[in-house]
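Letters go in sequence order (proteins before strands), and every chain restarts at 1. Side chains are part of it too, since the values below use all heavy atoms of this structure and drop only hydrogens, waters and symmetry mates.
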Amino acid sequence: MSQTASQSIEPPADGVPPHRYTPALAQEIELAWQDRWEAEGTFHTPNPVGRLSEGFDRVADRPKAFLMDMFPYPSGAGLHVGHPLGYLGTDVTSRFLRMDGHNVLHPMGYDAFGLPAEQFAVQTGQHPRVTTEANIAAISAQLRRLGVDHDTRRTFATIDPGYYKWTQWIFRQVFESWFDPETDKARPITELVTELDAGTREPAPGTLPEGRSWAQLTDVERRRVVDAHRLAYLHEAPVNWCPGLGTVLSNEEVTADGRSERGNFPVFRRPLTQWMMRITSYAERLLTDLDRLDWSDSLKQMQRNWIGRSTGARVRFAVAEETVEVFTTRPDTLFGATYLVLAPEHPLVGTLTAGAWPEGTDPRWTAGAATPAEAVAAYQRQASRRSELDRQAEGREKTGVWLGVTARNPLTGADLPVFIADYVLTGYGTGAIMAVPGEDARDWDFASEFGLPVVRTVQPPADFDGGAYTGTGPMINSSNEQLSLDGLDKVAAIAKVTEWLVATGAGEATTTYKLRDWLFSRQRYWGEPFPVVYAVDGEDAGLPVAVPESMLPVLLPEVDDYSPKTFADDDADSAPEPPLSRATEWTTVTLDLGDGPREYRRETNTMPNWAGSCWYYLRYLDPADDERFVDPELEAYWMGPRGPGDVGGVDLYVGGVEHAVLHLLYARFWHKVLFDLGHVSSEEPFRRLVNQGYISAFAYTDARGFYVPAAEVVEKDGQFLYQGEPVNREYGKIGKSLKNMVTPDEMIGQYGADTFRVYEMSTGPLDQSRPWETKAVVGSQRLLQRVWRVVVDEETGDVRAADVAPDDDTSRALHRAIEAVRDGMTTLRFNIAIARITELTNHLTSTCPPGTPVPRSVAESLVLLVAPLAPHLAEELWARLGHDGSVAWASFPVADPQWLVDDTVQVAVQVNGKVRAQVAVPADADAAALEAAARADEKVAAQLAGKTVRRVIAVPGRLVNFVVA
RNA sequence: GCCCCCGUAGCCCAAUCGGCAGAGGCAGGCCCCUUAAAAGGGUCCCGGUGUCGGUUCGAACCCGACCGGGGGCACCA
């Protein structure tokens, strides 16, 4: 039965036709259809198997399409008009693909662990779950009012124990794995133990106690060796400690100026034992697989930069009894290396430091200290206490101290003083460099400061004005009895010196990455607890043990105080203290993990909020599955590769570019681990990714520089006035602080959701940023009114569609619109789709004036074309046209090619590139026919008279160009 | 400093393979409807594609340099 929604509505104001599509009618229609969609489960997507498989036979022969938005963090601030842009983009695509014969999965969820809810809880004493759930309800209502087609049965939040149970389960998988460099993939840790026991594999370098073999180790010692191989491991290292937030942060969460991405507090380097994830093992795969993804170039570039692959060589220098290994991208400049620099935290610093300064040591090298040890200790202390911010503020002036020892340059035999300096970073390369001041600007600065020699090994151009020369040129000063690089270019010199390094055992070619392992511990309450305990007593005390799968989830305990201990922003000496450590009855637990009941201490850190977003796309496939994190059959159906070599993954993922090196890198990493372990069939989580643009808005300041309410500013003769006074216009983010907030609720109240949707989609391609302009929304309202008027008589309310054949012009207009709308939908350029719909509507408005019938086939096609964009209006019109089912499941029109070509076309005739005439020719006219038709035109003939035609270019269907002398 | 993206009408944006610069919307002018206003309908207006040079029969599109805007990275050896 057809249901229509307009019966109960108030009559419109005087003079307005009684059946006009007014905002009030739009509201009525929208609310009615939203209720009906929910009641009928219109957007329930059937799975091929399992709990959600009812109705699958209806879609079994359809190709699948899995579309997603980056799920929102349910903040209390609510949505402004910028937020829905991406959600609407996936919604329009989802509705289009469903109508075009796909089985479409378009779910939504909530990323609900995280700082703001916890900070709010600290202020109010209310449990973060309470505020978070209230915010989720509010956003969910806003989304429903927009008319999006989410399958709400699949909605969940990352704070649901039924979800974070599996987040913990995945952590276990990562913990119980190691990365096998030979196969370049993750494998179960049990296989490592088997190979070590069998002697078929050696432990990774640096993991064995000095001078011992695996066979000689005790069980506890072996545990430590194995733990050092895990993909999730405890590690003591300098970390980003943020006293203002009371937690440590990952590198990705620290901004370039050394502050926290959230809250903008200073961050300090501080050694701490923390959970790390070995993402660096995947650096190469994360890099090369970018080429297999349908992502924007800029986003791929950002990930490439972050991974930061560089190729070069490792070179070993003898220093006293020790060997210092450096990394360099310029091994060709080895003849120019005049000193070495280690990072202040380099492990060999203590061993290498000499007992006393030699006679006559340059005072600049000692920092005024009596002994090298004192100088080193003071410098290390200073380096560790300085925040990244301080380092920037000091203008990168080079500082450092000499260790009192020298290394030997393997090529020149020269003695190279060995320094520590904070311009060399621990954790990148080997944490040590050979300094070549002639060809490196930083080394040049340091050498100038410390009076160190400079040897140029690349010939600078004649007009070079000094300093480090980093350009190209022939090698100079680079030969001895063993090796000559002189005259070679950079590439040849690198090849030759690398060969020599390998031959003499002094080094080898290598690759390094800027990417660091992922710091995975947070000292917060509102996050997933680690499924990890530590034995309290016994030889294995303090070693981590994963909580068995059967004991998951490890529930977040209730506590009285949610706050982490925070400190003064600049208190570099403070140390983190997790809130869970105060939940004493929770932290200590007696468990039987196979060797009888023992007392254990729980891990009291929590996971970063990226954990929940690392795999949520998989959980949409069945969020209620209590047996496994995802059913492999569902994963294969929705995510699996389409063929050999295909990476698989979500078919369209839309979200903000701000996650380029956070969420998007972490999720790829986890997905690859799950792939290696055989839990998923897809190699990548997100096949196609689009960053939606941002919506900004104008803001206005008065003479004092204060923001005034943007909504009350009027434009007059190019001037902007607020209460009669001129104001200054700026362009910026939408928000309360700029007093330019506009909410979707206001726009929906004023125009209806369909108008709001069409407006947002009409202002540009999805990935383009654009300004918000409230006064322009009326254009979309007018379009929908005209669409309505084409189908419904405004005076009588009768449907105007009649079974008459459209004329040829109308058929051409229709089929061209269909073709263009399909193209716009596929390429996410909804602005073009809307423009073509507008053209078709305008055509129908003028050819079928009020009171005349509209060809039914055309009216129905128009309704189908607008259905993805303005779904409520389309449902209403579809029903009034006599259809029972939802238009969401009707077939999207297909253009008939016969109407896409004209019988005759107008082609331009150019003479020497200037258009001189238009001639009409049959559409299929070939070049010769075109030329003949052009020559037959009088204007052309006049232009050509008395001239020599040297060349004729005729492009069928386009133009003819005569090139004359 | 290095890398990436983008400059078309007052504004937002189109333009298939290099082929007549203009689809759509906003704003503005005029007309119709209307007692009037609003709403609605119709119609018109405005730029030669940031600048300079090159390739080409032909350039918004390709190449080079520059200018302007946005973004990413940055003591990464």
Side-chain angles (χ1 to χ4, degrees), chain A residues 12-17 20 22 256-257 296-306 308 310 312 326-330 333 341 391-392 396-398 421-425 427-436 439-443 445-446 470 512-516 657 660-661 715 718 758-759 762-765 768-783 785-786 789 794 820 823 829 831-839 841-842 845-846 849-850 906-918 950-955 957-964:
Chain A
D14 284 350
V16 175
R20 171 158 293 174
T22 59
D257 56 355
S296 73
D297 287 338
S298 62
L299 198 70
K300 288 184 183 182
Q301 198 59 38
M302 284 165 71
Q303 290 216 346
R304 283 192 195 105
N305 286 343
W306 191 260
S310 16
V326 308
F327 171 72
T328 178
T329 57
R330 295 292 304 275
T333 63
V341 186
R391 288 174 55 160
Q392 302 260 325
R396 290 178 181 170
E397 250 172 49
K398 295 292 181 287
D422 65 1
Y423 84 94
V424 173
L425 308 175
Y428 180 74
T430 61
I433 63 159
M434 63 179 212
V436 187
E439 278 91 30
D440 183 281
R442 298 153 300 187
D443 297 345
D445 292 345
F446 189 89
T470 55
T512 64
Y513 303 88
K514 287 202 293 189
L515 185 69
R516 311 293 163 84
V657 72
V661 291
E715 184 180 356
V758 169
Y759 172 71
S762 70
T763 47
Q768 182 152 330
S769 292
R770 62 204 79 169
W772 176 265
E773 209 178 351
T774 296
K775 67 178 183 184
V777 178
V778 67
S780 301
Q781 166 78 8
R782 288 179 189 145
L783 169 63
Q785 280 183 349
R786 291 200 296 273
R789 196 178 299 123
E794 287 189 325
D823 182 56
R829 295 183 302 162
N831 53 323
I832 298 176
I834 292 167
R836 295 289 106 79
I837 289 170
T838 306
E839 279 181 285
T841 306
N842 291 349
T845 300
S846 59
Q906 294 284 324
V907 300
V909 182
Q910 296 178 338
V911 178
N912 281 349
K914 289 205 164 54
V915 178
R916 298 297 186 188
Q918 299 278 334
R950 300 173 68 169
R951 198 170 155 193
V952 180
I953 295 101
V955 184
R958 298 222 179 263
L959 57 57
V960 185
N961 187 13
F962 292 97
V963 183
V964 302

request  = Take atom CD1 of A/I953 and atom P of B/G18, then tell me their distance rounded to the nearest Å.
outcome  = 16 Å

Chi-angle category of B/G48 [syn within 90° of 0, anti beyond] = syn

query = Whole-Å distance between B/A77 C1' and A/D422 CG?
reply = 14 Å

task = Sticking with atom C1', work out how far B/C4 lies from B/C46, rounded to a whole angstrom.
result = 35 Å

ask   = Without hydrogens or angle criteria, can the side chains of A/Y423 and A/D445 be said to hold a donor-acceptor pair below 3.5 Å?
value = no

task = Based on the glycosidic angle (syn within 90° of 0, else anti), state the conformation of B/C13.
result = anti

inquiry  = Categorize A/T512 for me: base, sugar-phosphate, or nothing, with a 4.0 angstrom heavy-atom threshold over every strand shown.
reply    = nothing

query = Of the candidate nucleotides B/C13, B/C75, B/C73, which contains the atom at the shortest distance from the side chain of A/N831?
reply = B/C13

ask   = Which whole-number value in Å describes the distance from A/W306 CH2 to B/G71 P?
value = 18 Å

message = From the set B/A27, B/C57, B/C13, return the single nucleotide nearest to any side-chain atom of A/R770.
response = B/C13

query = Per the atom types in the model, does the base of B/A23 pair as donor or acceptor with the side chain of A/R836 at under 3.5 Å?
reply = yes

inquiry  = Would you measure the distance from the C1' atom in B/U8 across to the matching atom in B/U49 and give it in whole Å?
reply    = 4 Å

inquiry  = Could you tell me the Watson-Crick or G-U partner of B/G28, where both distances fall under 3.5 Å? Say none if there is no partner.
reply    = B/C44

ask   = A/E439 has an atom CD; how far is it from atom P of B/G1, in whole Å?
value = 21 Å

ask   = Using a distance-only test with no angle check, is there a side-chain donor-acceptor pair under 3.5 angstrom linking A/T763 and A/R770?
value = yes

Any protein N or O atoms within reach of nucleotides 41-48 of chain B? Criterion: under 3.5 Å, listing atom names and distances.
from  : atom 1 : to     : atom 2 : distance (Å)
B/G41 : OP1    : A/R786 : NH1    : 3.4
B/G41 : OP1    : A/R789 : NH1    : 3.4

inquiry  = Taking 4.0 Å as the cut-off, does a side-chain nitrogen or oxygen of A/S762 come that near to OP1 or OP2 on B/C13?
reply    = no

note = Here the distance between atom P of B/G70 and atom CG of A/D297, to the nearest Å, is 22 Å

ask   = Can the ring centres of A/W306 and A/Y513 be said to be less than 6.0 Å apart?
value = no

query = Of all the choices, B/C26, B/A23, B/C75, which nucleotide is nearest to the side chain of A/Y423 once you look at every atom?
reply = B/C75

request  = Confirm from the modelled atom types if A/N305 and B/C73 form a donor-acceptor pair under 3.5 Å, side chain to base only.
outcome  = no

inquiry  = Counting only side-chain heavy atoms from C-beta out, which of B/A23, B/C26, B/G58 sits nearest to A/K775?
reply    = B/C26

task = Give a yes or no on whether the backbone of A/R20 and the side-chain of A/Q785 come within a donor-acceptor separation of less than 3.5 Å.
result = no

inquiry  = Categorize A/A776 for me: base, sugar-phosphate, or nothing, with a 4.0 angstrom heavy-atom threshold over every strand shown.
reply    = sugar-phosphate

key: Side chain A/K398 and base B/C75 donor-acceptor under 3.5 Å   = yes

task = Pick base, sugar-phosphate or nothing for A/I834, based on heavy-atom distances below 4.0 Å to the nucleic acid.
result = nothing

request  = Evaluate the criterion side-chain contact (heavy atoms from CB on, under 4.5 Å) for residue pair A/F446 and A/V424; output intermediate values, then yes/no.
outcome  = CA-CA 11 Å; A/F446 189 89; A/V424 173; over 6 Å; no

request  = Identify the nucleotide, in any strand shown, that forms a Watson-Crick or G-U wobble pair with B/G19, with both distances under 3.5 Å; if there is none, say none.
outcome  = B/C57

query = Nearest nucleotide by nearest heavy atom, which residue falls closer to the 5' end of RNA chain B, A/T838 or A/T329?
reply = A/T838

Lys/Arg N to Asp/Glu carboxylate O, A/D823 vs A/R829, below 4.0 Å = yes

ask   = Using the C1' atom in both, what is the distance from B/C73 to B/G47, to the nearest Å?
value = 38 Å

query = Within the structure, does a side-chain N or O atom of A/R829 lie under 4.0 Å from either OP1 or OP2 of B/A15?
reply = yes

ask   = Touch check for A/P765, heavy atoms < 4.0 angstrom, all strands: base, sugar-phosphate only, or nothing?
value = sugar-phosphate

query = Between A/V963 and A/Q910, which has a closest nucleotide on RNA chain B that is more 5'?
reply = A/Q910

note = Taking a pair to mean Watson-Crick or G-U wobble geometry with both distances below 3.5 Å, B/G1 pairs with B/C73

query = Looking only at atom C1', what distance separates B/A65 and B/A21, rounded to whole Å?
reply = 26 Å

query = Tell me, do A/I953 and A/F962 make a side-chain contact under 4.5 Å, heavy atoms counted?
reply = no

query = Could you walk me through whether A/T838 and A/R836 pass the side-chain contact (heavy atoms from CB on, under 4.5 Å) check?
reply = CA-CA 5 Å; A/T838 306; A/R836 295 289 106 79; over 6 Å; no

query = Any side-chain donor paired with an acceptor under 3.5 Å for A/Y759 and A/T774?
reply = no

ask   = How far, in whole Å, is B/C57 from B/U43 if one measures between their C1' atoms?
value = 39 Å

ask   = When the C1' atoms of B/G24 and B/U34 are considered, how many whole Å apart are they?
value = 29 Å

Whole-angstrom distance between B/A27 and B/C12, as gauged at atom P = 15 Å

query = Roughly how many Å is it from CG in A/L783 to P in B/G40, rounded to a whole number?
reply = 12 Å

request  = Provide the distance between the two P atoms, one in B/A60 and one in B/G50, to the nearest whole Å.
outcome  = 10 Å

ask   = Does A/Y428 make a side-chain N or O approach to OP1 or OP2 of B/A77 shorter than 4.0 Å?
value = yes

ask   = Can a side chain N or O of A/R951 be found less than 4.0 Å away from OP1 or OP2 on B/C57?
value = yes

task = Identify, with sequence neighbours excluded, every residue that meets side-chain contact (heavy atoms from CB on, under 4.5 Å) alongside A/L959.
result = A/A908, A/Q910, A/V955

